[in-house]
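Data block below; observations after.
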Amino acid sequence: MPAHLDPTYRAAALASLGEDEVDVLVIGGGVVGAGAALDAASRGLTTVLVEARDFAAGTSSRSSKLIHGGLRYLEQFDFALVREALRERGLLLNTLAPHLVHPVSFLFPLQHHWERPYIGAGVALYDTLGGARALPMHRHLSRSRALELAPALRQDSMVGAIRYFDAQVDDARHTMTLARTAARHGATVLTRAKVTGLLREGEQVVGAIVTDRESGREYTVRARRVISATGVWTDEMNAMTGVDFPFHVRMSKGVHILVPRERLDLDTGLIIKTEKSVLFVIPWREHWIIGTTDTDWSLDKNHPVASAADVRYILDHVNSLLREPLSNADIVGTYAGLRPLLSGASSSTAKLSREHAVAEPVPGLFVIAGGKYTTYRVMAADVIDAAVAGFGRGVAPSVTAHLPILGAAGYHELRDDIDSVAQRAGLSVAAATHLVSRYGSLATELFAMIDREPELGMLLPGTEYLGAEAVYAVTHEGALHLDDILTRRTRISIEVADRGLAAAAVAADLVAAHLGWDEATKAQELARYRERVQAELAANAAADDDAANAARLIAPPC
């Protein structure tokens, strides 16, 4: 099946809605929804995935970009969750997405000598819980050796350190690629397609009403099973059913900032223990991602934002260890995401469960909620298992533990021969490396585009991204708007100081013909993106959540 999610694909997919009853309708295009669509389609089930905005537009593009077991969960004795997550980390690194998931090292500074045996024992357990090792074992370091790896730290900031390894991912790219892989296996995947009602026959849910947000047209999709993988929007699905769910989702806001790589003299990431949780300093291409916060959030779910208080919290904690403190002037980008936590008795979001739950609140509707990014595949398999249990015919077990996603096959060969690959493509080694590290073996499709149109090999203004990536986003990856391109297909909106305003105009020119934009539509897209950037900058300057939320909502929704 084709996996080119271009406007032609979308038109055909919309036209097919309602033609026949499908086995599974998945609501939600985050990582769990995309994973569920892939799980179902790869079992031979007819599958439709609908997403109200864009793939990964919510939590799944706003994480810490880590694939990890959650070292801090060991302190909460949540060994089962950590073991499961570390097993999934190994699968992603070695089999499922080696082109998108890469090792990253962290330094854990020790503040007191007595911490070494206590924390060291925890990290040793962390290294072994996930089964066969996928990454190097941890090492204990003296203060002088730790400072060689991290000269940016003050000498008096630690008595020594422990170095360990985890993994990181471009979360939005991984989620989108999961959806493309589901399409390759026969699923119909649609963005800007919002569920506005459920179809019922008596008590049984038998499908949904889907509204195309681009045209306003309604479609009736009948399905044997409907799956809600809507994350922080789970309670909205609850309201649509008219019954009380067995669980609810509480939102915790996590904020991150980005600073230029050269601003911190580090050869490793950092993990810093705070009074609430932990703070990470994570290498991210030409930047450091620093975060996160963990605070209750009850305001707009579509556009959570970082306030001045959030930024100050992050700066204060990271500066407590640095020789040369960071300031607001060093920040080139911020983002905020909402964790979907299963609600419980605790008043602190930091103590709520990161485990997931599956329920059938009404016959035919299955809801998956909770969990963490790293365990998306297990969550997806669990909800599909539950949904098909009553099908009355044999359904194959999940195969996704052994199913590489698009771009994985052939990635290592390209990476290991990058000099020759670059020469054949007529690109610099840096440009070829950039494309292979983001697209895996699919980079050959971008090489071909640049060969046909050499101007697509230019960099978008102020960025490390090629013009071909903007075009590929709409011809292969389902991007429909500038925000999709600049925020999720690339990460320009958080990686450059102007938030991508200079790149936006060039990107709009490159993709206009592919999306059928006339000059008026192109101007409208640019204006909408500019208003979004201005609103987010105003929110970052606001004193607290209420003021930041109000500032962000001035811009039109995207």
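- Taking the ring centre of Y335 as origin, the terminal cationic atom of K65 falls inside the region bounded by 6.0 Å and 45° from the ring axis.
- Atom CZ of R217 sits in a sparse spot, with 12 or fewer heavy atoms from other residues, nucleotides or ligands closer than 6.0 Å.
- Outside the 6.0 Å centre-distance limit, the rings of Y439 and H476 are not counted as a close aromatic pair.
- Side chain to side chain, H256 and S64 meet the donor-acceptor criterion of an N or O pair below 3.5 Å.
- Under the 4.5 Å side-chain criterion, counting only non-hydrogen atoms from C-beta, L92 is not in contact with R377.
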The test is salt bridge (Lys or Arg N to Asp or Glu O under 4.0 Å); show your working for E201 and R222 and say whether it passes.
CA-CA 11 Å; E201 288 182 0; R222 296 186 65 84; 2.6 Å; yes

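- Y373 and T175 share a side-chain donor-acceptor pair at under 3.5 Å.
- A salt bridge does not link D545 to R552: none of the charged nitrogens lies less than 4.0 Å from a carboxylate oxygen.
- Ion pair R10/E214 not flagged as a salt bridge, since none of the NZ, NE, NH1 or NH2 atoms sits closer than 4.0 Å to an Asp/Glu carboxylate oxygen.
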What pairs of donor and acceptor atoms, side-chain ones from residues 380-387 against any protein atom, are under 3.5 angstrom apart with sequence neighbours left out?
{"from": "D382", "atom 1": "OD2", "to": "H356", "atom 2": "NE2", "distance (Å)": "2.8"}
{"from": "D385", "atom 1": "OD1", "to": "R43", "atom 2": "NH1", "distance (Å)": "2.9"}
{"from": "D385", "atom 1": "OD1", "to": "R43", "atom 2": "NH2", "distance (Å)": "2.8"}

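- Side-chain contact of T46 with D23: a donor-acceptor pair under 3.5 Å is present, judged by distance alone.
- Here R192 pairs with D484 in a salt bridge; the nearest charged N to carboxylate O distance falls below 4.0 Å.
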Using residues 29-38 as the side-chain source, report each donor-acceptor pair under 3.5 Å to any protein atom, sequence neighbours left out, with the distance given to one decimal.
none

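- Checking Q168 against W284 by side-chain atom types alone, no donor-acceptor pair falls below 3.5 Å.
- For T293 and D310, the side-chain atoms include no donor-acceptor pair closer than 3.5 Å.
- The ring of F108 has its center no closer than 6.0 angstrom to the ring center of Y164.
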Applying side chain to side chain contact (heavy atoms under 4.5 Å, CB included), run through V205 and R200 and close with a yes or a no.
CA-CA 5 Å; V205 171; R200 308 283 278 267; 3.6 Å; yes

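- Residues P98 and R415 are not in side-chain contact: their nearest non-hydrogen atoms beyond the backbone lie 4.5 Å or more apart.
- Remark: the D294 side chain and the S252 side chain contain an N/O donor-acceptor pair separated by less than 3.5 Å.
- Atom NZ of K301 is surrounded by more than 12 heavy atoms from other residues, nucleotides or ligands within 6.0 Å.
- In this structure, R488 fails the cation-pi test against F55, since its NZ or CZ atom is not both closer than 6.0 Å to the six-membered ring centre and inside 45 degrees of the ring normal.
- In this structure, H99 and Y411 have tilted ring planes: the angle between them lies in the 30° to 60° band.
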